[in-house]
Number of protein chains: 2
Amino acid sequence: MKHVTIKDVAKKLNCSVSTISRAFNDKYDIRKETRDLILATAKEMEYSPNPIAKSLLKQCSNQIGVVVPEFINPFFPEVIIGIQEVFFKKGYQVLIMQSNESFDNEMENVKAMENNMVDGLILSLSFETQNVEYYENLIKQGFPIVLFNRVSNKLNTHKVVFDDYKWAFFATEHLIYQGYKNIIHFTTSHSLSFSQNRIKGFINAHKKHKLKIDEGSIIEAGLLISDGEREMEKLIALHKLPDAIFCVNDMCAIGAMKMLKKYGLKIPGDVALVGFTETKLAELVDPALTSVAQPTTEIGRTAALLLLEQIESKGLFVPQTVTLNGRLNVRESSVKAK
Amino acid sequence: MKHVTIKDVAKKLNCSVSTISRAFNDKYDIRKETRDLILATAKEMEYSPNPIAKSLLKQCSNQIGVVVPEFINPFFPEVIIGIQEVFFKKGYQVLIMQSNESFDNEMENVKAMENNMVDGLILSLSFETQNVEYYENLIKQGFPIVLFNRVSNKLNTHKVVFDDYKWAFFATEHLIYQGYKNIIHFTTSHSLSFSQNRIKGFINAHKKHKLKIDEGSIIEAGLLISDGEREMEKLIALHKLPDAIFCVNDMCAIGAMKMLKKYGLKIPGDVALVGFTETKLAELVDPALTSVAQPTTEIGRTAALLLLEQIESKGLFVPQTVTLNGRLNVRESSVKAK
DNA sequence: AACGTTTCCGAAAACGTTTCCGAAAAAATA
DNA sequence: TATTTTTTCGGAAACGTTTTCGGAAACGTT
């Protein structure tokens, strides 16, 4: 339990603590032999410098904080793997917390991180977060923050995002190319920026191909399986079946799928489906779901690299928004039978 | 960026730092009015005590560390939610790291946590971990550690486990009750304690019902979808189809399911399937998969409470192994048609 | 008025580092 | 040899807290 400290090593070697410190920090003003001797005996004594003391003195911790809204879905864990990969190599530790989609929790987490003197923060905003004043202040004070996925355009800092517009456009166009005419979109709360962008992509793909959309074509469903089920069931009850549905995410699409199956409707024969933000589920459900894959781990790596750059540049940096590419994985659920 | 410290508050109020400290730590030897005044102005100045300095002095950090093998599968994230729930309330912070199923990473992580003066550790051993000497020492020195899920019986400390034997027995018995006679088991590496226990359950259920097992009945597949696919395809090629398969986990079962479908075989008509360690996937695949659910979040909560107890008891505790209950969720994949 | 108690607060040490400053010893230069 | 420069190291301050110790003031008791 008792840790061996720098003083113990100094006493053992009959020298001052500053010399030990010099040996460990590879300073120029120490003789090679002294350094080697110190390092050897320190190793033998199982001494390692106490990072807490170092943090206190240096006013930074070699830790970076990550706050995500949840990690039940595989998306955020995969991003975190990318983040850790980068920081692990650089000798940073990664502190992870989840806000559980609550603004209050998010603030608590961020403040805890701050108190812990993390050197920077990687953040994905919760569902509830509207008020970003606190982050604005942090950024203004020069605190390094990188946002990803759930960002706010009020915040002027590095961001890693996905081109939701473009890929929603492609996904919709894919359905159009397959020959579907009557396509609808299950979206989620309009307050989320990504849902606005996906809607825009959906609409513009229609415009490009001179297909018209009526007001019933965009339905606010939600992100959960139950949301997809509910809205699908409504449509079935109303006998207003579309040819195809572009869903805001895989969960929603899978909900729709379950309901279609329940009523004996064929996919894609009666209704074709496309998801978004692909998860493992996409290729496991039957029929396999066409979906847009995001480069999750890559997102993490990119965010980490941007944060590192920001930390090392000591305030002098130009906020940058990196948009990563995705991929439309076409599977059975959307391919029209000949 | 510049943090306001206890000294700033003291200067502002023309009193000593010790008085400020007393106010914040609710000491008895301070006048109520002084305390209130201090707390008020501190709040106004946005002062909050620096936890790093506190850690250095107190030789503990109010942080606890969690090291898990992975968090791609939803299992560990769900456990972590339970852990965080408990510690958040107690004012602890939870540091999470993942070993990526590597022994070396695991050691690195644990040492980083230790250096960071975490007050305790919740640990699930990696696949590779055989040598637990380091942990033995830590425990011997009185360092609080709770193991869960992937435990080692060489380590004498609190553990939270699942009764793999019992639930493997029940799962197998369920298949027997359904009338399947020729049942096989897809298992994984025998080095993992849980796989041994599940095998034992599988065998004993057969013994109880006086069904015999031949040596080909237990097949070392693995934990991944690809493992299930591979072994299933082998069986199909050899025309050695069983009535039913009890799989070591859902992923493996889903792999088998995919292969069966590919060859046009009916589930459960031709081959029935049962999984284990239920994930969301179980009810989403078609047909829905019968599986044994573990109380993931409950596991986390329990581990957290045990660790808290151990931390607070300052060394005086009796290592305890808590076995949590599960639940067999019967779904289409195993129910024999009449 | 003299004494003992209690209440409240300040000074200083401690936690384990790093770094600045200065000094001694060694080496280089005159 | 005398002086300057370089090399190598020790002392001490600093980071922001908590806590022990002691002391001053206020109060109560004879």
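A quick note: this is a predicted structure, and the numbers were derived from the prediction, not measured. Proteins get letters first, then strands, A, B, ... in listed order; numbering begins at 1 in each.
- Phosphate contact (OP1/OP2 of D:dT18, side-chain N/O of B:Lys58, threshold under 4.0 Å): absent.
- Note on A:Thr34: a side-chain N or O is less than 4.0 Å away from OP1 or OP2 of D:dC9.
- Contact annotation: A:Lys54 does not reach the phosphate of C:dG16 (side-chain N/O to OP1 or OP2, under 4.0 Å).
- Rounding to whole angstrom units, CG of residue B:Leu56 and C1' of C:dT17 are separated by 8 Å.
- B:Ser16 and B:Thr19 share a donor-acceptor pair across their side chains, judged by distance under 3.5 Å alone.
- With the nearest nucleotide of DNA chain C identified for both A:Asp29 and B:Leu57, B:Leu57 has the one nearer the 5' end.
- Across all strands shown, C:dG16 pairs with D:dC15; the Watson-Crick or G-U wobble distances both stay below 3.5 Å.
- A salt bridge links B:Glu298 with B:Arg301: at least one charged nitrogen is closer than 4.0 Å to a carboxylate oxygen.
- If you measure from atom CD1 of A:Ile30 to atom C1' of D:dT6, you get 16 Å, rounded to the nearest angstrom.
- Under 4.0 angstrom from either OP1 or OP2 of C:dC15 there lies at least one side-chain N or O belonging to A:Lys7.
- Contact annotation: B:Tyr47 reaches the phosphate of D:dT17 (side-chain N/O to OP1 or OP2, under 4.0 Å).
- Contact annotation: A:Ser16 side-chain N/O to D:dG10 OP1/OP2 distance is under 4.0 Å.
- Comparing B:Ser18 and A:Ser18 by the nucleotide of DNA chain C whose heavy atom lies nearest to each, the residue mapping closer to the 5' end is B:Ser18.
- Look at CZ on B:Arg31: it is 10 Å from P on D:dA26, rounded to the nearest Å.
- Distances shorter than 4.0 Å separate none of the side-chain N or O atoms of A:Gln59 from OP1 or OP2 on C:dT18.
- Nearest-nucleotide assignment on DNA chain D puts the 5′-proximal partner with A:Ala53, out of B:Lys27 and A:Ala53.
- Minimum heavy-atom separation, B:Glu106 to B:Thr129: OE1-OG1, 2.9 Å.
- When the C1' atom of D:dT19 is taken as reference, atom CG of B:Asn25 falls 10 Å away, rounded to whole Å.
- Considering all non-hydrogen atoms of both residues, B:Val118 and B:Leu121 come closest at CG2-CD1, 4.0 Å.
- Between the side chain of B:Thr34 and the backbone N or O of B:Ile30, no donor-acceptor pair lies under 3.5 Å.
- OP1 or OP2 of C:dT17 has not a single side-chain nitrogen or oxygen of A:Asn50 nearer than 4.0 Å.
- Distance B:Tyr28 OH to C:dC8 C1': 11 Å, rounded to the nearest Å.
- Taking side-chain N and O atoms only, B:Ser21 has no distance below 4.0 Å to OP1 or OP2 of D:dT17.
- Look at D:dT30: its Watson-Crick or wobble partner, with both distances under 3.5 angstrom, is C:dA1.
- Spacing between atom NZ of B:Lys11 and atom P of D:dG16 amounts to 11 Å, rounded to whole angstrom units.
- Within 6.0 Å of CD in B:Glu33 there are more than 12 heavy atoms belonging to other residues, nucleotides or ligands.
- Residue B:Lys32 contributes atom NZ, which lies 12 Å from atom C1' of C:dT7 at whole-angstrom precision.
- Atom-to-atom, CE of A:Met117 to P of D:dG16 comes out at 7 Å; the value is rounded to the nearest Å.
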